[in-house]
Amino acid sequence: MLLDVGGINTYYGTSHILQDVSFSVDSGEVVALLGRNGVGKTTTLRSVMGLTPPRDGTVRLQDQELRGLAAHAISRLGVAYMPDDLRIFPDLTCEENLQIAAKLSPRTGYWNQERVEELFPVLADRRRQKGLNMSGGEKKMLSMGRALMSNPQLILMDEPSEGLAPLVVRALAGSIMEIRSHGVTILLADQNLKFCRQVCDRGYIIEKGRIVHQGTMEDIWGNEAVVKKYLAL
Amino acid sequence: MLQSIVHVCLAGLSQGMFIWLVASGLTLIFGVLGVLNFAHGSFYMLGAYFCFMVLRALGENFWWGLLLGPVCVAAVGYLVERFFLRRVYGLELPYQLLLTFAFVLLFDDLVKIFWGAASIGTPPAPGLADSIMILGRRFPSYNLFVIAVGPLLALGLWGLLEKTWAGRIIRASSSDREMASALGVKVPTLFTAVFVFGTWLGALGGGLAVPYLGLLTPGMGEQIIIEAFVVAVIGGLGSLKGAFLGALVIGLLSAFGTRFLPTFDMFLTFILMAGVLLWRPQGFFGEAR
Ligand SMILES: Nc1ncnc2c1ncn2[C@@H]1O[C@H](COP(=O)(O)OP(=O)(O)OP(=O)(O)O)[C@@H](O)[C@H]1O
Ligand SMILES: [Mg+2]
């Protein structure tokens, strides 16, 4: 087990968002957090990353307890975060946005600028461009590439397929398969069930801050009652 | 006439450089930490007094004072950030202003307690004590030195922020603290480092002012912090480029004001600020909000 989250409760101020959330991700898996708008997917990822720390429960990465650690410490243990709004540093160039992650990470491994640019060739053409001037699609690849540059064990991806054309979503699924083939474990939050079925092994469905269903992606895909109740728009 | 204009310009430039030194630290701290540090003028004052104390102790040599004095003040800055300022980052601006203003009062009183309320005369800088002829009139060579230090420092800061990884990490953290921390930046430590460095810049300004003013006075930080605030505002809060240009403009304007319109000296400065704020509320290089 790479990530084991047990009974976390997370609050924004006084509103109790995550209620007793438990789930786990095995090494090498791609796991989805599913659910409608505002159910707590982003909050779950932020809880793992230490950005909105849970008040109680446990968040274990292998045998290391992450709850109580600051985000920078969690990052150094090998967890990377790709936020839904991408958060590219506007002042830095594309290349600097990639390299800064490598400079800040104590970890080494397969991923470097060359390998990331092989995965997303457009980033090689944009090296000197400021983050500010990059398109939404480019920023998405850059944000994913930046996460890889720290050579993480686990990447948390928030809404990777959001806002992309169907053709681009298919390419993204290919990239995620490629990333996975190099031993990176992925926990992603997404609303596109078809995309999740392509790339994920298992999924957890969240509703109002609780996990209400879990299963393999094939199970969830085939379970019309569950899809209708929790996922259909 | 030409002679007079050139000399007024030189005087304005050297005055501008002191404002720049103070404004640079103020701007850096505001840009990265988001705190408007009123006590920055006190660091300028402490820089001057510590420089004086060190030069006294080490054979009346100003250069030792300039080298070591600001470092001592940087240590004071460390204590201020680590034990006080850090507690108010999350709070609203008025709390931060209150806290830093409390330090202004505290440091003014401490200076009076340790060095007395009277002004203290200071020796000139060895090697730069004389003056040189420029267009038939004498100009202190030390002031030329100050005029050279300002742009060098600007260049150094630019290189640090744009061309080193430390600088890129500082810029990244100032634009997005949370993302920087998710990538492994220990943000509180970075803030401390930037505050200490900004303090050192202000104190360096104070140290450099010792031979220039020839006189130390408690409260000497107050005039300059006001000018540095004006400069930071017209340059665009958080923009070092803006602070540098703003300091030049304010230095020159106040030199011309003193020479040709002595009664309206500070008045001109504030007219300029009001004008800039009306025309471009975010300052020369500030981002529109
Ligand atoms: N900063 C915040 N302050 C207060 N409440 C918040 C904050 N961020 C999110 N919330 C609330 O927490 C709940 C969960 O939000 P979260 O962003 O985790 O949902 P989500 O599943 O990621 O939704 P989406 O699909 O829209 O991204 C929502 O009800 C939201 O209104
Ligand atoms: Mg979300």
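Below, read A as the first sequence line, B as the second, and so on, with proteins coming before strands; counting in each chain starts at 1. A quick note: this is a predicted structure, and the numbers were derived from the prediction, not measured.
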- Between atom CD1 of B/Ile169 and atom CZ of A/Phe89, what is the distance when rounded to the nearest 0.5 Å? 9.5 Å
- Inter-residue atom distance A/Leu51.CG - B/Met179.CE, 0.5 Å rounding: 8.5 Å
- Task: Report the C-alpha distance between A/Tyr81 and B/Leu183 in whole Å, list the side-chain angles of each, state the deciding distance to 0.1 Å, and finish with yes or no for side chain to side chain contact (heavy atoms under 4.5 Å, CB included).
- Result: CA-CA 8 Å; A/Tyr81 179 49; B/Leu183 285 168; over 6 Å; no
- Among residues two or more places apart or on two chains, list those pairs meeting ring pair (Phe, Tyr, Trp, His ring centres under 6.0 Å) that have a residue in residues 3-52 of chain A. A/Tyr11-A/His16, A/Phe23-A/Tyr204
- Residue pairs meeting side-chain hydrogen bond (donor to acceptor under 3.5 Å, both in side chains), one or both in residues 170-198 of chain B, sequence neighbours left out, come to A/Arg46-B/Glu178, A/Arg87-B/Asp176, A/Arg87-B/Glu178, B/Glu81-B/Thr192, B/Arg86-B/Thr192
- Task: Please look at A/Ile74 and chain B and tell me whether the side chain, the backbone, both or neither of the residue comes under 4.5 angstrom of a heavy atom of that chain.
- Result: neither
- Message: Quick check: under 4.5 Å, non-hydrogen atoms only, which of residues 89-102 of chain B neighbour chain A?
- Response: none
- Message: For the CH2 atom on B/Trp165, are there more than 12 heavy atoms of other groups (residues, nucleotides or ligands in this structure) within a distance under 6.0 Å?
- Response: yes
- Item | A/Glu114 atom CD: more than 12 heavy-atom contacts under 6.0 Å | no
- Note on the structure: Checked A/Glu96, A/Gln99, A/Met49, A/Arg76 vs chain B; the most non-hydrogen pairs under 4.5 Å come from A/Glu96
- Task: Not counting sequence neighbours, which residues clear side-chain contact (heavy atoms from CB on, under 4.5 Å) with B/Pro151? List them please.
- Result: B/Met17, B/Phe244
- Item | Taking every non-hydrogen atom, the tightest pair across B/Ala182 and A/Ser75 | O-CB, 3.1 Å
